[in-house]
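Scroll down for the structure; my scribbles are underneath it.
Convention: sequence-line order gives letters A, B, ...; per-chain numbering from 1.
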Number of protein chains: 2
Amino acid sequence: MPRPRTTTILDVARDAGVSRQTVTRALNDMPGIAPATRDRVVAAARALGYRPNRAAQSLVKGAGTTVGLLVESLRNPYYSELASELSRAAAARGWGLILCDVGYGSDRDARLSPLLRRVDALVGCLPAGATADVDVPFVAIDNPDETVGDATVWIDHEVGVRAALQHLVATGRRHVAMIDSGPEPSTRCLAYRAFLAEAGLAWSERSEVRVEESHDGGIAAAVELLDRDLAMDAVLAFNDVLAVGAMKGMAQAGRRVPDDVAVVGMDGLDLGGLVTPELTTAATDRGVIATAALELVDALLVGGEERPGGPAESAGRSEAPGPPETSAAARPRRTIVPHLVVRASA
Amino acid sequence: MPRPRTTTILDVARDAGVSRQTVTRALNDMPGIAPATRDRVVAAARALGYRPNRAAQSLVKGAGTTVGLLVESLRNPYYSELASELSRAAAARGWGLILCDVGYGSDRDARLSPLLRRVDALVGCLPAGATADVDVPFVAIDNPDETVGDATVWIDHEVGVRAALQHLVATGRRHVAMIDSGPEPSTRCLAYRAFLAEAGLAWSERSEVRVEESHDGGIAAAVELLDRDLAMDAVLAFNDVLAVGAMKGMAQAGRRVPDDVAVVGMDGLDLGGLVTPELTTAATDRGVIATAALELVDALLVGGEERPGGPAESAGRSEAPGPPETSAAARPRRTIVPHLVVRASA
DNA sequence: TTGAAAGCGTTACCAA
DNA sequence: TTGGTAACGCTTTCAA
């Protein structure tokens, strides 16, 4: 089935009465062409509504790298901040970044498939149960399931949890509850338990509540914890979104934050600075995460081309003055560990 | 300069001892191939680390449409919500969406150029003074400068402003200040003045403050308005981000919201529901905006191919079961007007 | 200053 | 079930 014919360079050449090479020269501002000829060609191109075929250009010039970003929802500020940094990091390398907001619905595959044909690699936080049968290199970001993906950017949440709890203890809190998320106790939750034990602080199963990872989940968690009627002067949340939800839940229940209960989150989202009072949080540097992720992609891509012979030159043909190519492709599956800093804003 | 050689289908064919057509059949799960042959080919491909060249595939199969999204920063929740909707709308059409967070720095062109070679059209809120010399179709979204772009999605903010003010009046407010943004009084600001005049409410130049469009701008605006020591029981903000900033500014100054001063925003961002108290706002439907924008892109793309002869068949060759092609390409520059709804959440 | 010819890597069509 | 041939639209030599 022949595709609908589009205007090609040959049509322009015909109309302008020149050869197609001349058209190329005229349209790409190349030297060695008479101004009059150029004008004639440009006019013809405009009249025909000519638009170069990108695929053909890519084929002959080298495609350049394009990576896809997979997120559950850009409405989650964690993902939007990550996307912002990835966009910046991609631009620095001259790469393209295709966005895929897979959403929470059942149409994941439909949203995903347009992506897969366009990217050289995938980066992101693979949603639970997402199709793992993609055949492009995949770099997971902070995925608790380490078996997912060809490489992983791993965040040392234990450091963050300890910093956050240290802060709470230093400000006189002694009864810290935790809002966790996910089916199993998270790494953060385990670190929380360990810290409490080491510090000799009280802990019981009732100190922990497990909710859906969302603002509403945070509200529900606060309500639930208050219902339990336990000694509690602080709450550590799995992340900032939950923490902000918990703040709202506390407020709705008539508790004052931080006077009655302190709330600390994790991530260091901008959001924490927008609410009142401002959220205390253990922050990660998403710029570092983004850069690390693309570095892994680069290594993966180079590695993929390396098999045939000696060390390949470069995968992405960095078009922009990006960072020097550190093709440490010897270890295809690497783990990066950005460190955490507590930002105390309350 | 010859590009570094990559593994092609021919290499696989050679290693597997078949022709390249057979390789294509094997790798694309096409019928009419012996299982044994397929296995041999697949094995050879894997051994070579073969990865199909997307540009070549696109060239022969038809590229499919890819649009670029231009935003100042995805950290601005307005843009991230818009991006989320655009991603969804693009996926529904089988289109790709390349993200470009141009940022506020001076490296805009550097961030933009990797994008321009990859997209068929651009959508977005062109930052002030951004390079308008892009030669791909551009659909502006709610850009106050209507001369920008080949088509525009226009939002009727006057409706929103009136709805918001009506709400304030209905709840007993009489002295409404306005936080505006931009060098000149915005459409929203003019609507605000008009409404006040019609309603017989007090207005003076001191009722308005003009700040940078950011959270900090909102804080500064609140401080400034309070400093002016005018009768004020409500504030209308240019958008939600400013409104939330104003809420924080009020809180920092010891004012209670909404008891002392009510604050209403515009946009209807999720953010408004996260803060305490929740923000009252005049909401737009960004899903509608996103759909409208891509519809305009489609019209522009079809229009571009239409000149030569009769009505073209289709621009994007919709790969997914997207909406029916309403190629109303007769009017290339169209203006869409989503309506607004007040969401009173306080 | 211009034009002819040779690819780029893949898929589609038809014959073997 | 397989292979040969012909596009796809463009840029890049190399000659004229």
Side-chain angles (χ1 to χ4, degrees), chain A residues 1-42 44-45 48-64 117-118 120 135 304-305 308 317 319, chain B residues 1-42 44-45 48-64 117-118 120 135 304-305 308 317 319:
Chain A
M1 66 186 109
R3 182 169 358 140
R5 271 319 215 118
T6 63
T7 312
T8 79
I9 202 174
L10 270 70
D11 298 315
V12 178
R14 176 175 32 72
D15 276 31
V18 298
S19 70
R20 58 175 172 188
Q21 303 71 8
T22 301
V23 176
T24 295
R25 279 189 278 259
L27 263 33
N28 295 17
D29 286 321
M30 301 173 77
I33 184 175
T37 312
R38 183 206 314 281
D39 291 348
R40 193 151 37 93
V41 172
V42 169
L48 257 44
Y50 168 76
R51 302 265 307 289
N53 178 314
R54 276 181 303 105
Q57 281 179 322
S58 295
L59 181 57
V60 74
K61 302 186 73 156
R117 287 181 237 173
R118 295 178 162 88
D120 301 301
D135 55 353
E305 292 187 2
R317 303 188 66 208
E319 308 155 326
Chain B
M1 64 184 111
R3 176 169 6 136
R5 271 322 215 115
T6 64
T7 312
T8 81
I9 202 173
L10 270 69
D11 298 315
V12 178
R14 177 174 32 71
D15 275 31
V18 297
S19 70
R20 56 174 172 189
Q21 302 71 6
T22 301
V23 175
T24 295
R25 279 190 278 260
L27 264 32
N28 296 17
D29 286 322
M30 300 173 76
I33 185 175
T37 312
R38 181 203 320 278
D39 293 348
R40 192 151 38 93
V41 171
V42 169
L48 258 44
Y50 168 75
R51 301 265 307 289
N53 179 314
R54 274 183 304 107
Q57 280 179 323
S58 295
L59 181 58
V60 74
K61 300 187 72 159
R117 288 181 236 172
R118 295 178 164 87
D120 300 300
D135 55 353
E305 292 186 2
R317 303 189 66 210
E319 309 156 325

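Shown here for A/Asp120 and B/Arg51, the closest heavy-atom pair between the two residues is O-NH2, 2.9 Å. Of all heavy-atom pairs between A/Asp11 and A/Thr6, the closest is OD2-O, 3.8 Å.
Between B/Thr24 and C/dT11 there is a side-chain N or O to OP1 or OP2 distance below 4.0 Å. For C/dT2, the OP1/OP2 oxygens have no side-chain nitrogen or oxygen of A/Ser19 closer than 4.0 Å. Distances shorter than 4.0 Å separate none of the side-chain N or O atoms of A/Thr8 from OP1 or OP2 on D/dG9. Phosphate proximity of D/dT11 to A/Gln57: present, with a side-chain N or O under 4.0 Å from OP1 or OP2. For C/dT2, the OP1/OP2 oxygens have a side-chain nitrogen or oxygen of A/Thr37 closer than 4.0 Å.
Remark on DNA chain C: of its neighbouring residues B/Leu10 and A/Thr22, the 5'-side contact belongs to A/Thr22, judged by nearest-heavy-atom nucleotide. Of the residues near DNA chain D, B/Ala56 and B/Pro35, the one whose nearest nucleotide (by heavy atom distance) lies more toward the 5' end is B/Pro35. Mapping B/Arg38 and A/Arg54 onto DNA chain D by nearest heavy atom places B/Arg38 at the nucleotide closer to the 5' end.
Minimum atom distance to the side chain of A/Arg20 is reached by C/dA6, of the listed C/dA6, C/dG9, C/dT2. In this structure, of C/dG3, D/dC8, D/dT11, it is D/dT11 that holds the atom nearest to the side chain of A/Val60.
For the contact set between residues 25-33 of chain B and DNA chain D, defined by any heavy atom under 4.0 Å, the members are B/Arg25, B/Gly32, B/Ile33.
When rounded to the nearest whole Å, the span between CG of A/Asn53 and C1' of D/dG9 equals 5 Å. Look at CZ on B/Arg117: it is 12 Å from P on D/dT11, rounded to the nearest Å. If you measure from atom CZ of B/Arg14 to atom C1' of D/dG3, you get 18 Å, rounded to the nearest angstrom. Counting to the nearest Å, the C1' atom of C/dT11 and the CD1 atom of B/Ile9 are 8 Å from each other. If you take NZ of B/Lys61 and P of C/dT11, they are 7 Å apart, rounded to a whole angstrom.
With a 4.5 Å cut-off on side-chain heavy atoms, A/Arg20 and A/Val12 do not count as touching. B/Arg38 is not listed as a side-chain neighbour of B/Val41, based on a closest heavy-atom distance of 4.5 Å or more. The side-chain heavy atoms of B/Leu27 and B/Tyr50, taken from C-beta on, include a pair separated by under 4.5 Å.
A distance-only check finds a donor-acceptor pair linking the side chain of B/Ser58 to the backbone of B/Arg54 [under 3.5 Å]. Between the side chain of B/Arg40 and the main chain of B/Ala16, a donor-acceptor pair closer than 3.5 Å is present. Under a 3.5 Å cut-off, the side chain of B/Asn53 and the backbone N or O of B/Ala55 do form a donor-acceptor pair.
In the interface, the side chain of B/Gln21 is paired with the base of D/dT5 through a donor and an acceptor atom under 3.5 Å apart.
Across the helix from C/dT1-D/dA16 to C/dA16-D/dT1, the helix axis at one end is tilted relative to the axis at the other end by 40° (nearest 10 degrees, each axis from five pairs).
Separating the NZ atom in A/Lys61 from the CZ atom in B/Arg117 is a distance of 7.0 Å, to the nearest 0.5 Å.
With sequence neighbours excluded, no residue satisfies salt bridge (charged side-chain N to carboxylate O under 4.0 Å, His left out) with B/Asp15.
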